[in-house]
Trainee: 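Let me begin by handing over the structure; questions about it come next.
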Amino acid sequence: MQPVEQPRRIVIDYSQPNIAKQMHVGHLRSTVIGDVFARVLAFEGHEVIRQNHIGDWGTQFGLLIRWYRENPLPTPETHADVVDAIAADYKAANERFQTDEQFASEARLAVGQLQSGEPEARRLWEQMCAVSWQAFTEIYEKLDVLLQPADVCGESFYNDRLAPRVAELREKLPPREADERSTGSWAEVRDDRGAVCVFMYDEKGEPRFKNPDGEMLPMIIQKSDGAYLYATTDLAAIHYRIHELGAKRVIYVTDARQKLHFEMFFAAARAAGWIGDDVTVEHVTFGSVLGTNRKPLKTRAGTPVKLRDLLDEAEKRAFALLEERGRGAERPGDHGEEGAEEAFTLEEKREIARRVGIAAVKYADLRNDRNSDYVFSWDKMLAFQGNTAPYMMYAYARIRSIYRKAAERFGSPDVYAAGVTIALADPTERAVALRLARLREAIDQVAAELTPHTLCTYLYDLATEFMRFYESCPVLKAPDEAARLSRMRLCDLTARTLKLGLGLLGIEVIERM
RNA sequence: GCGCUCGUAGCUCAGGCGGAUAGAGCACCGGAUUUCUAAUCCGGCGGUCGCAGGUUCGAGUCCUGCCGGGCGCGCCA
């Protein structure tokens with residue numbers, strides 16, 4: 001496939017876990033969806049820069065640093081789940097913060113020490129980051145996403161870029177007199193109730209954002225105590241990405257609840273002239289993962305579901321399904337002289353379960369319009385019918401099975417002859433061929449509209465149409481050699497399309513299942 | 001209150017920048033296996049596309065209003 005004619009440098013901000021906190025299903029969506037964009041846009045020939053904007057900065061670290069000055073920092077040797085241990089310590093530290101005035105003031109002091117680079121504070125912070133990052137890495141590897149340590153560019157990175165940006169905004173967006181307020185939408189920076197605020201107006205000169213009382217809602221970029229907020233960090237980040245990384249397209253993958261925040265800081269950045277005419281910025285939103293009770297997914301205890309536990313269970317359930325089916329396949333009647341394939345070894349079964357389980361979770365997250373909430377259901381995502389990962393992986397595995405048998409029977413190392421003319425005699429053959437021809441269209445749509453589910457739909461349609469073809473047109477026992485070669489070619493193209501398409505969704509196919 | 005988002009078959013969802021009889025999966029009923037993996041396939045059942053107006057030759061799709069659900073709205077992220 002040809003790369004796009006005009007490659008752009010594209011920054012994709014996704015995943016964004018928080019140091020000292022567990023990754024949960026909320027991070028799953030951002031990670032899985034953002035990864036698709038990274039793969040699809042890179043495939044189309046763009047220069048993709050992944051940015052993992054991790055939460056590694058802020059007042060909560062003051063608490064933890066103060067705490068670990070007199071308590072041991074959890075390590076992998078002492079705790080099975082280090083992140084859990086730190087989170088528990090945070091809770092304890094927070095309780096003490098509420099009751100112990102001296103502890104509280106020392107915690108506040110520690111925030112400043114961290115920012116100014118005091119060695120001890122810095123060391124404790126780095127250790128917390130290191131163990132948290134290790135936990136994230138394990139999940140990324142399990143999930144098979146592209147994110148690497150080098151993609152991390154968290155909140156702390158922007159620490160010394162915050163003050164300059166606030167100063168720049170003050171300079172570029174000075175308060176206006178009443179008679180200067182006529183032309184177009186505009187913004188101004190001024191202090192309000194002790195905080196530094198950006199006030200934004202629309203084309204009619206009306207406040208662009210309002211609070212519940214109908215009053216103007218500014219965006220606070222520096223608190224009355226002088227501290228900065230996430231709005232400030234996001235402003236610094238967008239400036240960095242456009243002006244230092246040279247991004248022409250910036251894509252943020254976060255949940256839909258942050259939409260107002262994004263509208264505000266995009267508007268402010270635009271007013272300041274930071275987003276040029278040749279640059280597009282997009283906030284890619286997504287809905288929540290719900291439990292069967294239609295409320296955001298939680299454990300029975302009411303805590304968020306840990307991503308690690310969720311992925312472990314996916315593998316476990318996939319393995320159980322494989323075992324279930326494995327018993328059926330070992331029926332005495334299933335022997336067969338040449339056709340029957342060997343049973344799976346335990347190791348193979350584990351590998352299949354791993355891939356199917358993870359694929360099922362990822363695919364379930366991608367298959368629906370990303371803006372809608374979806375109900376998390378093991379039964380549905382692991383089902384072999386319908387728009388699921390196992391169904392499509394099975395379609396692929398069936399084709400590969402044909403390939404192996406063909407190689408066996410016809411003794412050719414390459415049974416897919418490239419130059420073969422494809423004859424579309426049967427309606428099912430025609431349907432498959434027509435669908436194959438629309439691959440580029442499907443990929444382009446994801447690149448343009450950032451909708452992974454449209455690629456899912458395409459692949460599901462292809463798999464469905466292939467299954468029909470498979471049922472009604474014998475390949476190895478085709479009426480003549482020309483038909484056989486034609487059908488082999490159709491199989492090959494379908495397999496390669498499924499592998500490519502699923503690969504762009506971050507899903508690995510398997511040869512047998 | 002304002003804003004965003006959603007409302008399509010009993011359930012879960014596609015389709016939505018206008019185009020012909022609105023499509024899948026599940027569930028339910030009935031079929032297909034001496035033949036390439038039945039983890040599959042085929043058939044049947046099932047929808048006034050939330051409601052009401054409007055634009056149009058033509059509206060599930062665009063506009064307005066209303067109803068219902070979810071989310072958000074100054075010093076958290």
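Chain naming here is simple, since letters A, B, ... match the order of the sequence lines and numbering starts at 1 in each.
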Trainee: Under 4.0 angstrom, heavy atoms only, what part of the nucleic acid is Phe209(A) near: base, sugar-phosphate, or nothing?
Mentor: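 The residue Phe209(A) makes no contact with any strand.
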Trainee: Determine the contact category for Ala256(A): base if any of its heavy atoms lies under 4.0 Å from a base atom, sugar-phosphate if only primed atoms, P, OP1 or OP2 are that close, otherwise nothing.
Mentor: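 Contact class for Ala256(A): none.
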Trainee: From the list G70(B), U40(B), C13(B), which nucleotide is the closest neighbour of the side chain of Asp373(A)?
Mentor: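 So the nucleotide nearest the side chain must be G70(B).
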Trainee: Taking any heavy-atom pair under 4.0 Å as a contact, classify Met219(A): base, sugar-phosphate, or nothing.
Mentor: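 Result for Met219(A) = nothing.
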Trainee: Would you mind classifying the nucleic acid contact of Pro212(A) as base, sugar-phosphate or nothing, using non-hydrogen atoms under 4.0 angstrom?
Mentor: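 Base, at least one base atom sits under 4.0 Å.
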Trainee: For the base of G70(B), is there a side-chain donor-acceptor partner from Arg294(A) under 3.5 Å away?
Mentor: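 Result: no qualifying N/O pair found.
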Trainee: Give me the atom names and distance for the closest heavy-atom approach of Tyr14(A) to Asn52(A).
Mentor: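 In terms of heavy atoms, the two residues are closest at O-OD1, 3.4 Å.
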Trainee: Within this structure, what is the CZ-to-C1' distance between Arg435(A) and A14(B), rounded to whole angstrom?
Mentor: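 Computing the Arg435(A):CZ to A14(B):C1' distance gives 12 Å.
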Trainee: Determine the interatomic distance between P on C49(B) and the same-named atom on U61(B); round to the nearest Å.
Mentor: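 Approximately 9 Å lies between the P atom of C49(B) and that of U61(B).
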Trainee: Do the two ring centres, one from Phe266(A) and one from Tyr252(A), sit under 6.0 Å apart?
Mentor: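 Yes: the rings meet the under 6.0 Å criterion.
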Trainee: What is the nucleic acid contact for Glu263(A), judged by heavy atoms within less than 4.0 Å: base, sugar-phosphate only, or nothing?
Mentor: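 It contacts nothing in the nucleic acid.
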Trainee: Base, sugar-phosphate alone, or nothing: which one does Cys456(A) contact when heavy atoms must sit under 4.0 Å apart?
Mentor: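 It contacts nothing in the nucleic acid.
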